[in-house]
**Student:** 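Here it is, the structure in full.
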Amino acid sequence: MDINILKEDLQNPKNPRFLQSAVNLCLHYNNLGKFIETIDVTNKALKNRVIHNAIIGNRGYAYLKLKKYNLAIKYFKKILTKNKNDNFTKFNYAVCLKLTNNNAGYLKLINETIVNDQTFLNSFLDLYEYYRNLNKVTECLKLLNLYDKKINRTLKNLLQINLFPIVYKSKEETEKIIDNIDIEIKNSISELKLRDCKDLKVLLNHYLPPTNFYLSYANYKTLQIQKNYSILLENISNNFDIKKEHAIVKNRRKKVAFVSSILNKHTVTNLFINWYKLINKDTFEPWLIDTGSIQDEHYAELIKNNDKYYRTVGNLEIDINFLRKQNFDFVIFFDYHMSRYNQFLSRFKFGHKTCVTWGHPLTTYNKGIDFFLSGEELENSLTEKNYSEKLIKLNNLSVCYNDISQDDIEKNNYVEKKEGEINIGILQSMFKILPDEDEIFVNILNNFKKTKLYFLSSGLNTVDKLFKNRIAEKLSNKNNIEKLYFLPKTKRKFYLDYIRNMDFLIDSLSWSGGNTHFEALSLNKPILTVHGSTLKQNVTSGLLKRINCKSLIQENKNDFFKKIEYFINNKSFINENSLIIEKNKMLLFNDISTINSLEDFISKN
């Protein structure tokens with residue numbers, strides 16, 4: 001299909017090939033993710049009164065992908081008015097209803113399209129994702145069982161492996177679920193060796209299964225699960241007709257690709273984007289590779305007038321072919337564990353050396369990854385043993401984190417500071433807080449009348465309720481649960497006000513805080529934590545070491561209890577620590593030495 005010929009055909013609306021060429025151009029642009037170009041083509045067609053369902057449908061699809069859902073619905077309705085049995089349009093309409101929170105309308109339509117052979121797979125996968133995002137594991141399992149004979153076996157295994165709660169009821173439940181998943185992963189690896197799953201290749205170009213991102217938070221068999229899951233993904237990726245290795249000719253001015261699926265306003269981007277922004281442009285040629293970011297104002301600023309930027313189209317063969325032509329010396333993934341696409345993309349070398357970092361602080365067991373980039377202050381003799389990659393310790397905390405302006409804070413009314421009361425924040429995602437840590441909160445609620453505990457809401461009532469009930473059933477006085485509060489997810493300026501109204505914060509011990517604790521220390525708030533044996537447990541310790549606040553880091557959970565009690569009973573001690581933080585906190589921010597150490601590492605490898 002010659003794109004230039006198609007474009008020429010559109011110059012004359014009387015050309016007999018005008019309609020077909022317009023439709024082919026729309027399909028071409030949609031496949032490349034160039035939805036604005038699709039809108040331009042359909043504008044030309046409609047302006048010349050070339051009206052056809054294929055034109056209207058592609059226009060609606062482009063608006064859907066551009067997140068202009070009401071416009072998309074407008075065009076899908078036009079088609080369905082004439083042909084109510086157009087299942088492809090009905091499916092896209094259903095997706096729009098879901099994304100505009102019309103759940104009843106979505107479920108009605110998706111249950112119609114799922115019984116049609118042409119739209120079955122898209123409908124099945126979308127419904128699975130819908131239930132999974134609501135943490136409705138039982139509904140997902142019902143769906144998998146109902147359509148067991150219609151879906152690819154390897155795909156089913158992957159979907160089943162990635163079903164687990166956001167919040168667990170107990171330690172016993174956690175271990176039982178993880179043990180079962182461990183067995184399923186091993187069985188899936190064995191089955192793959194026995195069965196040709198070439199048909200999965202076509203499917204994977206349109207849909208990638210969820211990452212096991214949340215699974216690693218369970219803090220049980222973490223490395224074993226990660227290793228086996230990586231083997232499974234490696235075996236699946238062998239079904240693509242793409243060579244795993246690729247020869248790179250080293251450049252005199254080294255080309256560095258920074259890869260992320262969240263180059264928008266996001267905590268991971270806050271941590272690492274200055275590697276890209278501040279690296280020496282005379283010595284290095286930095287590129288941004290976007291693998292699926294939300295296109296917000298932060299994203300727009302990054303790509304504006306940027307000719308060293310590529311947005312993947314979602315087809316591995318097309319994307320790998322383009323990226324290999326760029327001849328990158330280094331590829332650095334910011335969010336390997338958080339991106340479905342990156343976990344597959346990284347298995348096909350398109351740079352001389354490939355790195356991951358601690359946006360999700362866990363080793364990959366991916367043999368395509370050469371280095372894990374961490375920081376000197378983040379590691380200790382125990383954490384260093386937990387990597388399949390070669391560990392590189394950049395200066396200090398490894399990141400050049402921007403200072404936080406006090407002008408960025410806006411008051412909200414969710415938290416009040418009252419005389420004589422102590423507000424304690426555990427302001428981490430709910431899935432980080434495991435049943436092992438409940439005794440900490442129960443001890444505080446049982447023994448300190450004027451102390452309130454603040455958690456971040458998961459955004460799902462069922463999950464928040466499960467967590468609250470888990471704590472309530474362990475209290476000696478059930479009424480003490482009224483001192484436990486959930487704070488809604490909100491914009492950063494209001495979130496900072498949550499922190500400002502805390503007396504101090506305590507860390508989630510199985511998965512230590514990162515961004516939140518940079519923010520808390522910028523506001524002079526003490527944070528209590530425990531030395532970790534893995535990086536994921538040790539990030540806050542690294543931050544506190546950096547600003548000479550080692551007294552806030554405890555050796556074990558018993559010492560942790562005692563320190564919390566001492567803080568609650570001695571507000572003057574909280575204030576003393578706040579002054580120490582205020583004096584030293586500048587060491588956390590705008591640390592250009594981390595950029596220098598990154599440049600030094602790249603230059604020498």
Side-chain angles (χ1 to χ4, degrees), residues 167-175 178 216-223 361-362 377-386 422-448 451-456 467-476 480-481 483-484 502-514 516-517 520-521 525-545 549-570 573-574 577:
V167 170
Y168 296 91
K169 294 177 182 177
S170 64
K171 182 180 179 181
E172 291 72 26
E173 182 198 49
T174 306
E175 293 181 357
I178 301 301
S216 52
Y217 287 98
N219 209 37
Y220 173 65
K221 290 188 173 180
T222 305
L223 295 182
L362 187 67
E377 301 282 15
L378 299 173
E379 302 290 343
N380 59 43
S381 59
L382 294 175
T383 65
E384 291 174 357
K385 298 175 182 178
N386 296 304
I422 298 287
N423 291 341
I424 302 177
I426 308 93
L427 302 180
Q428 299 298 317
S429 298
M430 191 60 67
F431 49 77
K432 289 184 179 181
I433 303 169
L434 300 181
D436 277 355
E437 297 172 52
D438 289 356
E439 57 185 315
I440 299 166
F441 315 129
V442 169
N443 180 52
I444 294 169
L445 294 170
N446 275 339
N447 296 306
F448 300 98
T451 298
K452 296 177 180 178
L453 296 183
Y454 289 90
F455 295 84
L456 283 183
F467 175 75
K468 196 168 187 177
N469 288 343
R470 198 176 81 192
I471 302 297
E473 66 185 17
K474 299 171 185 175
L475 293 172
S476 56
N480 286 332
I481 198 65
K483 297 185 291 179
L484 186 154
M502 299 301 154
D503 289 283
F504 66 95
L505 281 73
I506 56 179
D507 200 9
S508 47
L509 301 185
S510 63
W511 199 286
S512 185
T516 294
H517 291 169
L521 293 169
K525 297 299 177 181
I527 307 161
L528 298 180
T529 190
V530 173
H531 280 296
S533 58
T534 62
L535 175 57
K536 68 188 181 69
Q537 298 170 306
N538 206 55
V539 173
T540 299
S541 292
L543 270 63
L544 294 172
K545 281 162 55 182
C549 288
K550 293 181 182 179
S551 66
L552 301 180
I553 310 168
Q554 309 312 302
E555 291 299 324
N556 52 57
K557 196 183 286 186
N558 188 47
D559 290 345
F560 189 56
F561 278 146
K562 290 178 181 178
K563 184 66 85 171
I564 291 170
E565 290 177 356
Y566 189 76
F567 263 51
I568 293 171
N569 290 322
N570 296 273
F573 194 67
I574 298 174
N577 278 275

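All values derive from a computational prediction rather than experimental measurement.
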**Student:** Please report the shortest heavy-atom distance between K483 and L445, naming the atom on each side.
**Tutor:** NZ-O, 3.0 Å
**Student:** Compare all side-chain heavy atoms of N577 with those of S551 and state whether any distance is below 4.5 angstrom.
**Tutor:** yes
**Student:** Using modelled atom types and a 3.5 Å cut-off, is there a donor and acceptor pairing between side-chain atoms of Q428 and backbone atoms of I433?
**Tutor:** no
**Student:** So F561 and E439, do their side chains get closer than 4.5 Å, heavy atoms only?
**Tutor:** yes
**Student:** Please report the interatomic distance NE2(H517) to OG(S508), rounded to the nearest 0.5 Å.
**Tutor:** 6.5 Å
**Student:** Report yes or no: does N380 contribute a side-chain atom to a donor-acceptor pair with the main-chain N or O of G532 at less than 3.5 Å?
**Tutor:** yes
**Student:** For the backbone of S476 and the side chain of N446, can you confirm whether one donor and one acceptor N or O come within less than 3.5 Å of each other?
**Tutor:** yes
**Student:** Can you tell if the side chain of I527 reaches within under 4.5 Å of the side chain of L552, non-hydrogen atoms only?
**Tutor:** no
**Student:** With distance as the sole test, does K525 use its side chain to make a donor-acceptor pair with the main-chain N or O of M502 at under 3.5 Å?
**Tutor:** yes
**Student:** Just checking, is any N or O donor in the side chain of T383 or N538 under 3.5 Å from an acceptor N or O on the other one?
**Tutor:** no
**Student:** Just to verify, what does E565 make a side-chain hydrogen bond (donor to acceptor under 3.5 Å, both in side chains) with, not counting sequence neighbours?
**Tutor:** N443
**Student:** Give a yes-or-no answer on whether the side chains of S170 and E173 include a donor-acceptor pair shorter than 3.5 Å.
**Tutor:** no
**Student:** Is it the case that the side chain of D436 and the backbone of L509 share a donor-acceptor pair, with hydrogens and angles ignored and the cut-off at 3.5 Å?
**Tutor:** no
**Student:** Which heavy atom in L505 sits nearest to a heavy atom in A520, and how many Å separate them?
**Tutor:** CD2-CB, 4.0 Å
**Student:** As an exercise, state the distance from CD of Q554 to CD1 of I506, rounded to the nearest 0.5 Å.
**Tutor:** 12.0 Å
**Student:** For the NZ atom on K221, are there more than 12 heavy atoms of other groups (residues, nucleotides or ligands in this structure) within a distance under 6.0 Å?
**Tutor:** yes
**Student:** Side chains of K545 and K550, heavy atoms from C-beta outward: is any pair under 4.5 Å?
**Tutor:** yes
**Student:** With a 3.5 Å distance limit and no angle check, can you tell me whether T222 reaches the backbone of Y217 through a side-chain donor-acceptor pair?
**Tutor:** no
**Student:** Closest heavy-atom contact between Y168 and P435?
**Tutor:** O-CG, 3.9 Å
**Student:** Can any side-chain N or O of K169 pair as donor or acceptor with the backbone N or O of R470 at less than 3.5 Å?
**Tutor:** no
**Student:** Over all heavy atoms of both residues, which pair between N386 and S533 is shortest? Give the atoms and the distance, please.
**Tutor:** ND2-O, 3.2 Å
**Student:** Do you know the tightest heavy-atom contact between F567 and L528?
**Tutor:** CZ-CD2, 3.9 Å
**Student:** Looking at N423, is its backbone amide N or carbonyl O close enough to the side chain of D503 to form a donor-acceptor pair, meaning the two atoms are under 3.5 Å apart?
**Tutor:** yes
**Student:** Between L434 and A218, which heavy-atom pair has the shortest distance, and what is it?
**Tutor:** CD1-O, 3.3 Å
**Student:** Does W511 reach the side chain of S216, with side-chain heavy atoms less than 4.5 Å apart?
**Tutor:** yes
